[in-house]
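Read the structure below first, then the notes.
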Amino acid sequence: MSDCKTYYLTTPIYYVNDVPHIGHAYTTIIADTIARYSRLKGIDTFFLTGTDEHGQKIEEAARKRGKTPKEYADEISAKFKELWDEFEISYDKFIRTTDPEHIKGVQKAFLEMYKKGDIYKDYYEGHYCVSCESFVAPSQLVNDELCPDCGKPTRIIKEESYFFKLSKYQDAILKWLKEKKPILPESRTNEVIRFVEEGLKDLSITRTSFEWGVKLPKEINDPKHVVYVWLDALFNYLTALGYGSEDDSLVKKYWPAKLHIVGKDILKFHAVYWPAFLMSIGYELPKKIAAHGWWTRDGEKMSKSKGNVINPKEVADAYGIENFRYFMLREVPFGADGDFSEKALIDRINNDLGNDLGNLLNRIIGMAYKYFDGKVTSENVEKYYPDELNEARSIISEIEEKYLWKMQTHKFLEELWKILSIGNKAIDAYKPWELMKNGEEEKAMALIGLIANLLAMVAVYLHAVMPKTTSKIADALGFEINNESFNAINEGKLLDDFVIKKIPPLFPKIEKPLMKKEEVVKEPENIITIDEFFKVELKIGEVIEAEEVKKSKKLLRLLVDLGEGKPRQIIAGIKEYYKPEELVGTQVCVVSNLKPAKLMGYASEGMLLGAKDKEGFSLIRPEKKKKTGTPIK
Ligand code: MSP
């Protein structure tokens with residue numbers, strides 16, 4: 001990686017069905033760190049992020065809020081962009097899948113695949129998870145109906161669909177996975193290989209039961225189909241560079257992507273479907289696909305219904321965006337799941353940042369002024385402290401290849417902290433105050449010089465994670481962080497003489513949690529969508545016959561006319577409240593699509609609506625007489 005000329009990296013594009021949360025912030029912050037590091041090294045870098053705006057999930061989310069999909073997408077996409085801007089995410093392009101250039105690119109890719117003979121028309125019949133926007137094979141279903149990835153109920157769909165010949169690419173994908181080992185962490189490779197080896201079925205790549213998506217290319221002339229949202233979304237990585245437009249100079253310059261960062265839940269789409277699509281249109285495959293784990297909160301999965309979703313802005317407002325960045329990258333090994341707790345964040349700020357880094361800087365500022373009017377020189381550092389210097393240099397020489405390009409940010413940071421520890425230990429071991437007392441001024445000055453150089457190394461390497469904080473450290477140490485100083489440090493050069501600046505503490509101690517403990521408005525667990533509500537068919541009926549069910553204290557047998565020609569028999573538990581003759585000729589509200597049941601030997605083909613309180617039971621009836629069979633809405 002270190003010798004590449006260009007570096008193109010991407011985050012997933014975020015669904016606009018909901019506002020940004022900590023999981024989105026994590027992916028974006030990792031990508032931003034890698035992008036900043038790559039630029040600091042002098043590599044021509046292109047960093048892409050954006051929003052994924054089509055599909056059934058978005059269409060339904062918009063409808064639920066009474067908006068058009070585009071209105072809704074505009075609103076949420078803007079929220080993502082605003083947040084990334086506020087977090088100073090250094091993206092080069094923010095793509096939206098509703099951008100006309102993107103749509104053109106997707107249509108071009110579709111047509112290419114079609115012309116190649118990789119697409120054919122058929123029917124899809126099976127399970128679909130709207131939440132994951134994914135087709136689920138019967139063998140993968142949990143309890144015959146639940147999505148294996150998100151656990152939500154799937155829907156059965158049957159519709160005309162175009163299919164992509166994914167099966168044709170099975171061997172080529174396997175070869176690529178085995179030979180190029182593109183997946184990070186590498187330990188995840190086997191699960192993807194296993195998935196492919198189980199056999200790839202052709203993939204349904206168009207939908208006909210809703211409209212919110214990219215239309216098929218006009219050459220195919222089949223207007224009722226829209227492109228499957230994952231095909232649409234994956235191509236953003238190419239359309240963002242101009243694929244499908246007149247000017248494809250960026251494609252030439254930056255493709256293939258060096259890195260797609262994704263969550264482990266969407267690895268299959270990136271490591272199996274995406275390469276197959278690319279092979280079909282004859283494009284090179286991405287170099288690395290890095291899959292991170294999931295964040296939980298205080299040990300629990302985050303969900304809206306639990307009301308425990310973390311708003312990244314709230315964390316950043318309370319603790320500072322850079323401290324938050326450090327925490328996320330340091331707290332969990334890349335690929336593993338991580339837990340967000342305010343306590344863990346505070347501990348990282350007070351211990352790692354405050355004690356190990358901030359105090360080391362304060363200690364040398366204090367000593368430099370006490371003994372040498374703030375002057376610092378690197379002059380005798382090599383002479384007195386070669387071991388410390390070499391140990392730190394050897395750490396620096398390895399961390400990039402071993403950890404950074406492999407996304408092991410926690411190890412990368414852990415190693416940098418070893419350099420701080422060399423510094424803190426050196427002060428305790430050589431005791432500059434005793435050196436001064438014993439007249440060893442040169443050695444005391446060299447010790448301050450050693451610490452300044454160790455801090456400079458850490459600041460430069462930490463810059464991509466904490467750009468502003470490290471710039472302040474560099475400023476105190478009389479230099480600027482840029483490609484030149486990055487190279488100088490890597491060539492083993494030491495700092496020029498300078499007068500250290502007194503700066504206010506960078507990490508004031510946090511004594512108590514700072515996040516507002518808002519009363520979270522919980523979405524009730526039992527909430528249903530309007531679609532779910534409309535699954536219940538309610539109708540006005542008229543009781544035409546009624547009699548007691550013998551041997552039952554509670555039941556009446558009614559014949560109710562629902563305007564269907566033949567009246568329905570309904571067995572209702574209302575004997576204590578109504579006499580049969582009172583009911584005949586009155587109107588009632590009936591649940592008409594309830595599965596028939598047998599009660600005391602009688603079939604019951606519906607249910608009456610009623611309300612019961614302390615004063616007794618009352619049937620629900622229309623205010624004015626209505627035609628039998630009128631739907632209740
Ligand atoms: N739109 C698709 C991606 C298309 S890319 C061509 C999508 N969007 S998403 O908004 O649902 O998720 C985006 C990313 O956020 C995924 O990488 C997902 O793993 C990540 N996260 C969502 N919730 C998360 C956590 N709780 N923790 C960590 N990351 C998680 O999938």
Side-chain angles (χ1 to χ4, degrees), residues 11-32 49-53 55 57-58 60-62 64-65 67 72-73 75-87 89 129-133 146-147 149-153 261-266 291-321 323-329 331-332 336-346 348 513-529 532:
T11 71
I13 45 172
Y14 303 108
Y15 281 131
V16 291
N17 64 315
D18 212 350
V19 292
H21 63 65
I22 187 174
H24 306 130
Y26 180 55
T27 324
T28 308
I29 287 168
I30 300 175
D32 185 61
T49 190
T51 43
D52 188 355
E53 307 188 7
K57 172 154 86 168
I58 313 296
E60 288 181 5
K64 205 167 146 187
R65 290 161 179 88
K67 304 204 163 130
Y72 188 54
E75 191 184 301
I76 307 281
S77 177
K79 291 215 163 98
F80 274 97
K81 191 158 184 291
E82 272 160 32
L83 184 71
W84 302 152
D85 289 342
E86 210 175 308
F87 280 12
I89 299 299
C129 173
V130 176
S131 179
C132 299
E133 294 284 15
L146 305 179
C147 168
D149 294 323
C150 70
K152 294 189 183 146
I261 300 179
V262 301
K264 63 180 182 182
D265 52 322
I266 56 172
H292 64 70
W294 273 59
W295 281 89
T296 51
R297 180 177 197 169
D298 300 318
E300 277 192 69
K301 194 164 181 219
M302 279 182 269
S303 81
K304 265 201 291 176
S305 57
K306 283 191 202 141
N308 66 350
V309 176
I310 296 163
N311 175 351
K313 185 165 153 37
E314 227 178 88
V315 186
D317 286 348
Y319 296 100
I321 172 65
N323 294 345
F324 178 41
R325 283 168 72 106
Y326 172 80
F327 168 76
M328 293 199 105
L329 300 182
E331 191 68 6
V332 280
D337 291 343
D339 190 50
F340 179 91
S341 83
E342 221 175 329
K343 180 174 176 315
L345 171 61
I346 295 173
R348 288 275 173 212
L514 301 174
M515 266 161 80
K516 273 190 266 139
K517 290 273 173 276
E518 284 173 15
E519 251 321 291
V520 268
V521 188
K522 287 193 183 180
E523 198 169 271
E525 295 278 353
N526 58 353
I527 206 100
I528 58 167
T529 63
E532 284 165 324

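This is a predicted model, so every value here is computed, not measured.
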### Message
Just verifying a value: how many Å separate D317 CG and N311 CG, rounded to the nearest 0.5 Å?
### Response
8.0 Å

#### Entry: Atom pair NZ (K81) and CD1 (I89), whose distance is rounded to the nearest 0.5 Å
13.0 Å

### Query
Does some side-chain heavy atom of I22 sit less than 4.5 Å from a side-chain heavy atom of V315?
no

### Task
Could you check D265, D337, D339 and say which one makes a side chain to side chain donor-acceptor pair (under 3.5 Å) with W294?
D265

## Note on the structure
Nearest heavy-atom contact between D149 and C132 is CB-SG, 4.1 Å

### Message
Using 0.5 Å steps for rounding, measure from the CD atom of E82 to the NZ atom of K313.
### Response
10.0 Å

### Message
E75: which residues meet the side chain to side chain donor-acceptor pair (under 3.5 Å) condition with it, sequence neighbours left out?
### Response
K67

### Query
For R325 and I29, which heavy atoms make the closest approach, and how far apart are they?
CG-CG2, 3.7 Å

### Query
Taking C-beta and beyond as the side chain, do P312 and F324 meet within less than 4.5 Å on heavy atoms?
yes

### Message
In the structure I gave you, are the side-chain heavy atoms of C147 and S131 within less than 4.5 Å of one another anywhere?
### Response
no

### Message
Can you tell me which residue among T51, I13, D52 is in a side-chain contact (heavy atoms from CB on, under 4.5 Å) with S77?
### Response
T51

### Query
Can you find a heavy atom in the side chain of E133 that is under 4.5 Å from one in the side chain of Y15?
yes

### Query
Tell me, do P12 and T27 make a side-chain contact under 4.5 Å, heavy atoms counted?
yes

### Task
Identify the two heavy atoms, one from A344 and one from F327, that lie closest to each other, and give their separation to 0.1 Å.
C-CE1, 3.7 Å

### Task
For the residue pair W295 and H21, establish whether any side-chain heavy-atom pair is separated by less than 4.5 Å.
no

### Task
Taking all non-hydrogen atoms of both residues into account, name the closest pair between D18 and Y72 and its distance.
N-OH, 4.5 Å

### Counterpart residues, salt bridge (charged side-chain N to carboxylate O under 4.0 Å, His left out), relative to D298 (two or more places apart)
none

### Message
Once rounded to the nearest 0.5 Å, what's the spacing between atom NZ of K152 and atom CG of L146?
### Response
11.5 Å

### Query
Ignoring hydrogens and geometry, is there a side-chain-to-backbone donor-acceptor pair from T11 to V262 under 3.5 Å?
no

### Query
Minimum heavy-atom separation for N17 to R65, with atom names?
O-NH2, 4.4 Å

### Task
Check whether any side-chain heavy atom of T28 lies under 4.5 Å from a side-chain heavy atom of F87, and answer yes or no.
no

### Query
Which residues pass the salt bridge (charged side-chain N to carboxylate O under 4.0 Å, His left out) test with E331, sequence neighbours left out?
R348

### Task
May I ask you to test the W84-D32 pair for a side-chain heavy-atom distance under 4.5 Å?
no

### Query
Is there a donor-acceptor pair under 3.5 Å between the side chain of E342 and the backbone N or O of L514?
yes

### Task
Return the minimal non-hydrogen interatomic distance between F340 and I310, and the atom names on each side.
CD2-CD1, 3.0 Å

